[in-house]
Amino acid sequence: MRYNPKAVEEKWQGYWEREQLFSVQEDPDKKKFYLLEMFPYPSGRIHMGHVRNYSIGDVVARFLSMRGYNVLHPMGWDAFGMPAENAAIKAKTHPAKWTYENIDYMRRQLKKLGLSYDWTRELATCDPSYYRWEQLFFVKMFKKGLAYKKKSYVNWCGTCQTVLANEQVEDGACWRCDQPVVQKEMEQWFFKITDYVEELLEYLDKLPGWPERVLTMQRNWIGKSFGSTIHFPLESGKGSIQVFTTRADTLFGATFMSLAPEHPLVDELCRGTEQEETVRAFVERSKQAKRGERAADLLEKEGVFTGAHCINPMTGAKMPIFVANFVVMEYGTGAVMAVPAHDQRDFEFARKYDLPIKVVIKASEDAPVPEPAALDQAFEEDGILVDSGDFTGMTSAQAREAITQALEARGQGELTVQYRLRDWGISRQRYWGAPIPIIYCDECGTVPVPEEDLPVVLPLDLDMPESGASPLPLSEEFVRTTCPQCGKAARRETDTMDTFVESSWYFARFACSDYDQGPLDPQRVGYWMPVDQYIGGIEHAVLHLLYSRFFTKVLRDMGYLQVDEPFTNLLTQGMVIKDGAKMSKSKGNVVDPDDMIRAYGADTVRLFCLFAAPPEKELEWSDQGVEGASRFLGRVWRLVHDNLEGLQAAAPYDGRAEVGSTLQALHRKTHQTIKKVTEDIEQRFHFNTAIAAIMELVNQIYAVQDKASQDPAYWPVMREAVETVVVLLSPMAPHIAEELWERLGRRPSIAKVPWPTWREESLKAEEILIVVQVNGKLRGRLTVPADVTNEDLEKAALADPKVQSFIEGKTVRKVIVVPKKLVNIVV
RNA sequence: GCGAGAGUGGCGGAAUUGGCAAACGCACUGGACUUAGGAUCCAGCGCCCUCGGGCUUGGGGGUUCGACUCCCCCCUCUCGCACCA
């Protein structure tokens, strides 16, 4: 009977589905475990990254379920998003049709992989029964001031009349029509994630189950820095410029001022001066430049004088105000006090435009103070203040505090904390997304859609414009409405929400995806949340995971959730690569999961993904490696079938009866393997070494085969070993395990069999192998009784003839004995 | 530039607490079975060697009886952030 993966897999997938084997209910008497893998975007077909992600998750789900946990393991679809619009335009179909067809196809693919999902909880975020609750959250956030509208710059393609995401801008041009993209100021909706910035930062220390790498990335993204805000009065006497700096100690060396091109003061300062034209031209040019170019060192530092001056609040010196292309509006106040002697960028700028340089920091107490003209670069480190009035002689750290305090006393500055994190812009001028539930009324202004009128359903009967622009603003039927407050004619918001909003709370909805009395059923959500283990790609380390943390806190404060953090443990799996590069169509190195499953079966594909590398590392796809996995399963299959009669007739050995040494060794190996596999899965998620251990056991069974068949315990010990292989393998290769389990005369399902435990008694050998070293080098091996004393061990080691030859004629200085492991003789 | 991670045979990788480096798999070599073998089973497989042994975890130094593992310096690669004031 040959192993036929296709037949076996279809049989058991049908069985699992008929028996609803993986549907779970809330059960307060059982310990719950919520295991979640990041849900996919229904792009059309699953790729190897999904296969890997979901294979890992499935092992954990099946393993924990066999260990007695009540495991929630759901799956759904991150179903809104722009690819659906693009595909629809290209294929002249509708985004909804395209999306739902993809979902149907991909669901079939996942089922073919034999993943143990509770499909009764499946959800798609583009369904009104899902996004209606998201709109409710939006309305509540609007009422709390957590959702607000403000002007901000977006990438705008004038030809397509649409806003572009950053990744749709290629070399400063629109990806669709190749026309230049400009920065346009538009009204956009934002979520006030900055209200939670401190909690988001602090709680990173309370997530020991997250990889350090991800925590660091989030910390950097939040980017908290301590410094001072300093007010520089304008020479004209009309107001002042606010500046954020971490280097208040260098204030005496500030000789000019740099403003971002977008800074609101720029216009005002140059108006009516002879520089006006030059400044405006410069600002325009800077705005044209793509953000990507503004970043990095791609752009040469340039600037223009505005014609205005401000006053250094400490020295009283007149400081010319420049507009500089390297100052970004998004960070701090969009204005920088320039200290050319102690900041490299300011130094280069000063040299270029011949601006004064004043040294105010020296390296140490006795270091000389350099002449500005002799400098070839800025001195950016901390040091001792010079030429700084009352503060001269202080260290940088002392001066930062003292100078800020002095300013504060005069109302010209204060200590401040800056964050890199900006509020989350969620407006998308796109069609295929959840409509933002807002109505604009000429009388009443911006009015949220009343909760009882939700959802604002995304109309599905619209034609997609060729340009790629959203059809929503063109739909009179959608736009025209009445004001919920005054009843007069009003217009609907036509922006939709960023798809990251949907994925920021889907994990909670899985606890109760059929609930229609509100977004979240308190009882069920209370039972399942938080997610105990979350598994997904490292590419979501910042945005998705940060937004989900933010949303969890917002929903907590609204009373929907009782947890502070959504994901207790996080596993970020590495990419699947081929020939050293990420799989991509352009490189032609894509491996299609369907082809692999057809050729080898799902069990083999899963096994390979788990075996070839530990989960957090990259996985190099290898066709020969897949062959190896397939060969191993064939080996296990034959192990059962070649011995079927004898195995069926025997009861598994329980470790009690006396058996010969060969069988004793197999019994010991069986229990060592149970221990190794259990610990590798449970503590480390190292499935590769777990599988290697099972392979070792299989190899040993093969070696024992026929060797001790006259021993009455032969078949019982064999049965124990073979059944152990099948059970230990079942989370990784569930179909073949079910089939072999049944053929061994057991009743299905193996998924409901308790995970085996090892007997400590059975792990111990009567004799152990001791390594003998001379001067740290391996010189001999000893087989000794397991209960050997250190003294006997030392004696035996010194008496060993091979060891003797190395210590002959030398003085033994010291003997180190590591109990039951090693002897090291130092001569 | 800043931050994080990694570097072990021909390849993927193992070594969990400082204690036999290279488990397991792939590739390769030989043998058995066979009409046949691209199936299967068995064996070998880091490098050098005068067959005693010597050398080996990116390079150099250190701690230790003993270092892939700990410490210092350097090199290379990957990822993240990046004119952050």
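In the text below, chain A, chain B and the rest are named by the order of the sequence lines, each starting its count at 1. Bear in mind that the values here come from a model prediction, so they are computed numbers and not experimental data.
- Distance check on atom P: B/C48 versus B/C41 gives 31 Å, rounded to whole Å.
- Side chain A/N824 to base B/C65: a donor-acceptor pair is found below 3.5 Å.
- Judged by distance alone with a 3.5 Å cut-off, no donor-acceptor contact links the side chain of A/R813 to the base of B/C65.
- Nucleotide B/A23 holds its P atom 17 Å from the CG atom of A/D680, rounded to whole Å.
- Within the 4.0 angstrom heavy-atom criterion, only backbone atoms of the sugar-phosphate kind lie near A/V826; the bases stay farther away.
- Side-chain atoms of A/K814 and base atoms of B/C65 include no donor and acceptor less than 3.5 Å apart.
- Partners of A/F322 by ring pair (Phe, Tyr, Trp, His ring centres under 6.0 Å), not counting sequence neighbours, listed by chain and number: A/F256, A/F305, A/F349.
- Judged by distance alone, with hydrogens and angles left aside, the side-chain atoms of A/Q344 form a donor-acceptor pair with the main-chain N or O of A/A378 at under 3.5 Å.
- Taking atom NZ on A/K821 and atom C1' on B/C20, their separation rounds to 11 Å, with Å as the unit.
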Whenever both distances are under 3.5 Å in a Watson-Crick or G-U wobble pair, mark it; put RNA chain B into dot-bracket that way, with [ ] for crossing pairs and | when the partner is on another strand. (((((((..(((......[....))).(((((.......))))).(((....)))..(((((..]....))))))))))))....

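- A donor and an acceptor atom, one from each side chain of A/S240 and A/Q242, are located under 3.5 Å apart.
- Within 4.0 Å of A/K676, counting heavy atoms only, lies at least one base atom of the nucleic acid.
- For A/Q624, the side chain to side chain contact (heavy atoms under 4.5 Å, CB included) partners two or more places apart in sequence, or in a different chain, are A/S622.
- Among the atoms of the strands shown, only primed sugar atoms or phosphate atoms (P, OP1, OP2) are found under 4.0 Å from some heavy atom of A/T689.
- B/G9 adopts a syn glycosidic conformation, its chi angle falling within 90° of 0.
- A salt bridge does not link A/R247 to A/D343: none of the charged side-chain nitrogens sits closer than 4.0 Å to a carboxylate oxygen.
- The distance between atom NZ of A/K617 and atom P of B/G25, rounded to the nearest whole Å, is 19 Å.
- As a whole-Å value, the separation of A/M217 CE from B/C79 P is 12 Å.
- Residue A/R219 is out of contact with every strand shown, counting any heavy-atom pair closer than 4.0 Å.
- Within the nucleic acid shown, A/N699 comes within 4.0 Å of sugar-phosphate atoms alone, with no base atom in reach, counting heavy atoms only.
- No engagement by A/R422 is indicated, since no non-hydrogen atom pair under 4.0 Å with the nucleic acid exists.
- Atom CE in A/M695 sits about 13 Å away from atom C1' in B/A14, given to the nearest Å.
- Relative to the side chain of A/R684, the nucleotides B/C24, B/C83, B/U16 differ in distance, and B/U16 lies closest.
- If you check the side chains of A/N325 and A/S286, you find no donor sitting under 3.5 Å from an acceptor.
- Here the separation of B/C28 from B/G10, taken at their C1' atoms, is 9 Å to the nearest Å.
- The residue A/E618 sits close only to the backbone: its heavy atoms come under 4.0 Å of sugar-phosphate atoms, none of a base.
- Residue A/N688 is classed as a sugar-phosphate contact, given heavy-atom separations below 4.0 Å to backbone atoms only.
- Using a 4.0 Å heavy-atom distance criterion, A/Q624 is classed as a sugar-phosphate-only contact.
- Residue-level contact check: A/R213 touches the backbone only, with heavy atoms under 4.0 Å from sugar-phosphate atoms and none from bases.
- Look at the C1' atom in both B/C33 and B/U78: the space between them is 48 Å, to the nearest Å.
- Under the 3.5 Å distance criterion, with hydrogens and angles disregarded, no donor-acceptor pair is assigned to the side chains of A/Q418 and A/Y331.
- Considering CG of A/L259 and CG of A/L265, their distance stands at 6.5 Å, rounded to 0.5 Å.
- When rounded to the nearest whole Å, the span between CD of A/Q773 and C1' of B/A67 equals 12 Å.
- Among B/A85, B/G19, B/G53, the nucleotide with an atom closest to any side-chain atom of A/I816 is B/G19.
- Using a 4.0 Å heavy-atom criterion, one finds that A/G628 contacts the sugar-phosphate atoms exclusively.
- With distances taken from any side-chain atom of A/R345 to the nucleotides B/C20, B/C83, B/A27, the minimum falls on B/C83.
- Between B/A67 and B/G62, the two P atoms lie 12 Å apart (nearest whole Å).
- Among the nucleotides B/U40, B/G53, B/C83, the one closest to any side-chain atom of A/R638 is B/U40.
- Nucleotides B/C20 and B/C11 place their P atoms 24 Å apart, quoted to the nearest Å.
- Atom-to-atom, CG of A/N790 to P of B/G19 comes out at 17 Å; the value is rounded to the nearest Å.
- Rounded to the nearest 0.5 angstrom, A/L793 CG and A/K820 NZ are separated by 10.5 Å.
- Checking A/Q705 against A/D642 by side-chain atom types alone, no donor-acceptor pair falls below 3.5 Å.
- For B/G52, the base is syn relative to its sugar; the glycosidic angle is within 90° of 0.
- The CG-C1' distance, from A/L782 to B/C20, rounds to 12 Å in whole Å.
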